[in-house]
S.K.: 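Submitted below is the structure of interest, expressed as structure tokens.
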Amino acid sequence: MLQPNNTEIDVGQLSKKIETLKARTPVVSDASYRNIPAEENLDAPPSDEQLVAAAPVNTGAATGIPKTFIERMKMLVSPGIGLRHRLSLIPIFGAGTIWLNSIVRLNAVRQKIALDFDSVRAQSLCLQDQITQQQMNLNAHTEQLAHVQAHLNELQTQVSARLVQLENLSLTAHIRRIDALGAGNAERDNRLASLVREVRELHSRSFATSAVSSLLPGLVPDSQKATNDVIGIPGLDSFYVEFEDNFRGTAEDITSRLSVYLPYLQQFAGDQSATVIDIGCGRGEWLGLLKRNEIHAVGIDMNAAMIEACEGQGLSAICMDAISFLRQQPEASLAAITGFHIIEHLPFEVLLSLFDAALRALRPDGLIIFETPNPENLTVGACNFYFDPTHRNPIVPAVAQFMAKQRGFAKADILRLHPYPEEVLLVEDSELAVRVNRALYSSQDFAVIAWKTNAN
């Protein structure tokens, strides 16, 4: 036994500490790793379960060489363990190899992280550009909305100021009061018509402004939309052609009746810039009469068969809705708008729209001529009016005249036409006979003739 050089060292106590450290040092034998599968990949260490199953056994045998070293050398050549662990058993070289592998892998990981970082950064920059562009678009839309709102506010202020000036004005009372002063004042009629148009335009602007400001959809009532819808019925066009042939009279009769209106349009003869639009032109009797008198005219009708009949005579005719056509024309561009036995087919709202569209499209010297059955004649109002199944409501002459002036025409006259022949009248010279003749045999039709400007 070695003698200590330092007599103060307790050899027995030191030996016990060495034995204790040796007992704590794990000793791995060949058998300890038999259950670990062979792996040749440096990056594949055994699992925790495999290490537990291969727990080292301390045999307690004493040699001059540390037991752990001997066991490691044996395990170095034994099968069943991975390459990484086999290298770890080699002193210095194994540790250096593992350390170098870790450094190599660390560099690869760093490169992968760098690539991922560059990708994320590029995506971030792209997303930031998109956000910036969206922000710019949003700012542009915000500015546009601000301009629109400012314009609406200005328009609302103007309309409100004008309505305040006219708040005490009753158009109906004003019309009655002026009419009571007597007829024939052209300046009065024109000023009144201008006032009516201005008030109507202000009300229209006020309605449009409030509708846009509140973003309300559907400015046209559903009932009016339904009225304007055209219901396709097979054979309806040919039905109406045959109906006119049987009940309206011959083309010669119609032409003779319509000639009464030529003096109202004679001023436009020979002027190709003065266009007359005939609504519901039918078989084209009126268009032909105007053409023979050198008055430029175009017919409008929803019946394709009627349009073909007009074109077959060399007349200009278009298959289209009349109000839509008038709204498409330049303002103040037409000389006259006529319609014979048309307005009694229209619902009230559509009839008002027709007056408005006509007024906008007419030149200052333009006029309208609308002929319709006269319900003042009881025979017409109670019976003949309903010969045409497409008629809706009779229109009283005074109401037609009022409608024209109320919508902005400066002058409106009523022309009563086509009384029964004298041979059917009562010949008695009595008040009763006069009343019966007036009620049953008076004018069967009338026309409302209205001018945009009163030139008389």
Side-chain angles (χ1 to χ4, degrees), residues 240-241 243-266 276-290 297 299-301 303 306 322 336-348 350-351 354-355 358 367-405 409 411-426 434-451:
Y240 212 78
V241 172
F243 176 83
E244 287 204 352
D245 291 340
N246 281 271
F247 292 97
R248 194 177 181 195
T250 64
E252 292 76 13
D253 293 337
I254 300 302
T255 301
S256 176
R257 295 177 190 174
L258 295 177
S259 59
V260 69
Y261 299 110
L262 283 177
Y264 295 97
L265 304 179
Q266 200 61 46
V276 177
I277 300 298
D278 183 32
I279 299 172
C281 59
R283 298 173 297 188
E285 297 92 347
W286 176 239
L287 292 177
L289 183 59
L290 293 177
I300 304 295
D301 205 303
N303 191 318
M306 298 292 190
I337 299 170
T338 61
F340 302 104
H341 292 264
I342 294 299
I343 61 176
E344 67 272 13
H345 293 261
L346 304 179
F348 174 70
V350 179
L351 180 56
L354 175 60
F355 273 98
L367 70 154
I368 60 171
I369 301 175
F370 292 153
E371 181 183 297
T372 187
N374 183 13
E376 294 174 330
N377 184 314
L378 296 183
T379 304
V380 172
C383 178
N384 295 350
F385 180 86
Y386 299 101
F387 265 88
D388 190 335
T390 61
H391 283 179
R392 296 181 67 93
N393 301 299
I395 301 174
V396 177
V399 174
Q401 184 180 27
F402 169 79
M403 290 173 62
K405 299 185 72 173
F409 286 87
K411 180 183 178 183
D413 293 340
I414 295 298
L415 179 64
R416 290 173 173 82
L417 302 163
H418 314 136
Y420 279 84
E422 293 186 359
E423 55 265 25
V424 302
L425 302 180
L426 296 179
V434 173
R435 291 186 176 184
V436 170
N437 288 335
R438 183 185 302 122
L440 298 180
Y441 306 119
S442 61
S443 300
Q444 301 177 71
D445 303 301
F446 78 90
V448 54
I449 305 174
W451 289 262

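If you're wondering where the values come from, they're calculated on a predicted model, not measured in any experiment.
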S.K.: Could you tell me whether E376 and R416 have a side-chain N and a carboxylate O separated by less than 4.0 Å?
M.R.: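 Salt bridge flag = yes for R416 with E376.
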S.K.: Got H391 and H345 here, is their nearest side-chain heavy-atom distance under 4.5 Å?
M.R.: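 Result yes, sub-4.5 Å side-chain heavy-atom pair found.
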S.K.: Just by modelled atom types, is the A447 backbone N or O under 3.5 Å from a matching donor or acceptor in the E371 side chain?
M.R.: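 Side chain of E371 to backbone of A447, a donor-acceptor pair under 3.5 Å: no, none is there.
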S.K.: What distance separates L378 CG from L440 CG, expressed to the nearest 0.5 Å?
M.R.: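 Atom-to-atom, L378:CG and L440:CG are 5.5 Å apart.
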S.K.: Looking at every heavy atom in both D445 and P373, which two are closest together, and how far apart are they?
M.R.: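 Heavy-atom minimum between the residues: OD1-CA, 3.6 Å.
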S.K.: With a 4.5 Å limit on heavy-atom distance, are the side chains of D413 and W451 in contact?
M.R.: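 Side-chain contact under 4.5 Å: yes.
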S.K.: Please round to the nearest 0.5 Å and tell me the distance separating atom CG of L290 and atom SG of C281.
M.R.: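 Reported to 0.5 Å precision, the distance equals 11.5 Å.
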S.K.: Hey, could you give me the CD/OH distance between E422 and Y441, rounded to the nearest 0.5 Å?
M.R.: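 So the gap between those two atoms works out to 14.0 Å.
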S.K.: Is the closest side-chain heavy-atom distance between L287 and L289 below 4.5 Å?
M.R.: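 They are not in contact (no side-chain heavy atoms under 4.5 Å apart), so the answer is no.
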S.K.: Is there a side-chain contact between M403 and L351, using heavy atoms and a 4.5 Å cut-off?
M.R.: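 Contact flag for M403/L351 side chains = yes.
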S.K.: Show the nearest heavy-atom pair for residues A412 and K405, with the distance to one decimal.
M.R.: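 Smallest heavy-atom distance, with atoms named: CB-CG, 3.7 Å.
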S.K.: Between atom CD1 of I414 and atom CZ of F402, what is the distance when rounded to the nearest 0.5 Å?
M.R.: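 Here the interatomic distance stands at 13.0 Å.
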S.K.: Just so I know, are the side chains of Y264 and L415 near enough to count as touching, which here means a heavy-atom distance under 4.5 Å?
M.R.: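 Counting from C-beta outward, Y264 and L415 do come under 4.5 Å.
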S.K.: Keeping D301 on the side-chain end and M306 on the backbone end, is there a donor-acceptor pair under 3.5 Å?
M.R.: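 A pair under 3.5 Å: no.
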S.K.: Is any side-chain heavy atom of Y261 less than 4.5 Å from a side-chain heavy atom of L417?
M.R.: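 The answer is yes; the side chains approach within 4.5 Å.
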S.K.: Consider only side-chain N and O atoms of T338 and D278, and report whether a donor and an acceptor are under 3.5 Å apart.
M.R.: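 Their side chains do contain a donor-acceptor pair, which is all the 3.5 Å distance test asks for.
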S.K.: Counting the benzene-type ring for Trp, do F355 and F370 have ring centres under 6.0 Å apart?
M.R.: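 Yes, the ring centres sit under 6.0 Å apart.
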S.K.: Do you know which two heavy atoms are closest between S256 and S259, and how far apart they sit?
M.R.: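 What the structure gives for the nearest pair is O-OG, 2.7 Å.
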S.K.: Among V350, N393, L354, whose side chain to side chain contact (heavy atoms under 4.5 Å, CB included) with I343 holds?
M.R.: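 Only one option passes, and that is L354.
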S.K.: Say whether, by atom type as modelled, one donor and one acceptor occur between the side chain of N377 and the main chain of S442 under 3.5 angstrom.
M.R.: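 Flag set: sc N377 to bb S442 pair under 3.5 Å.
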S.K.: With heavy-atom distances below 4.5 Å as the criterion, would you say the side chains of I337 and V276 are in contact?
M.R.: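 Contact flag for I337/V276 side chains = no.
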S.K.: Which pair of non-hydrogen atoms, one from F446 and one from P375, has the smallest distance, and what is that distance?
M.R.: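 Closest approach of F446 to P375, heavy atoms only: CE2-CD, 4.3 Å.
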S.K.: Strictly by modelled atom types, are T372 and E344 linked by a side-chain donor-acceptor pair under 3.5 Å?
M.R.: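 Note: T372 and E344 side chains meet the donor-acceptor criterion.
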S.K.: Looking only at heavy atoms, what is the nearest atom pair of I279 and A322, with distance?
M.R.: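 Scanning both residues, the minimum pair turns out to be CG2-CB, 3.4 Å.
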S.K.: I want to check something: taking the side chain as every heavy atom from C-beta on, are V448 and P397 in contact at a cut-off of under 4.5 Å?
M.R.: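 With C-beta onward as the side chain, the pair stays apart.
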S.K.: Under a 3.5 Å distance rule, please check whether E285 uses its side chain to pair with a backbone N or O of T255 as donor and acceptor.
M.R.: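 Flag not set: sc E285 to bb T255 has no pair under 3.5 Å.
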S.K.: Would you please name every residue forming a side-chain hydrogen bond (donor to acceptor under 3.5 Å, both in side chains) with N384, sequence neighbours left out?
M.R.: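 Y420.
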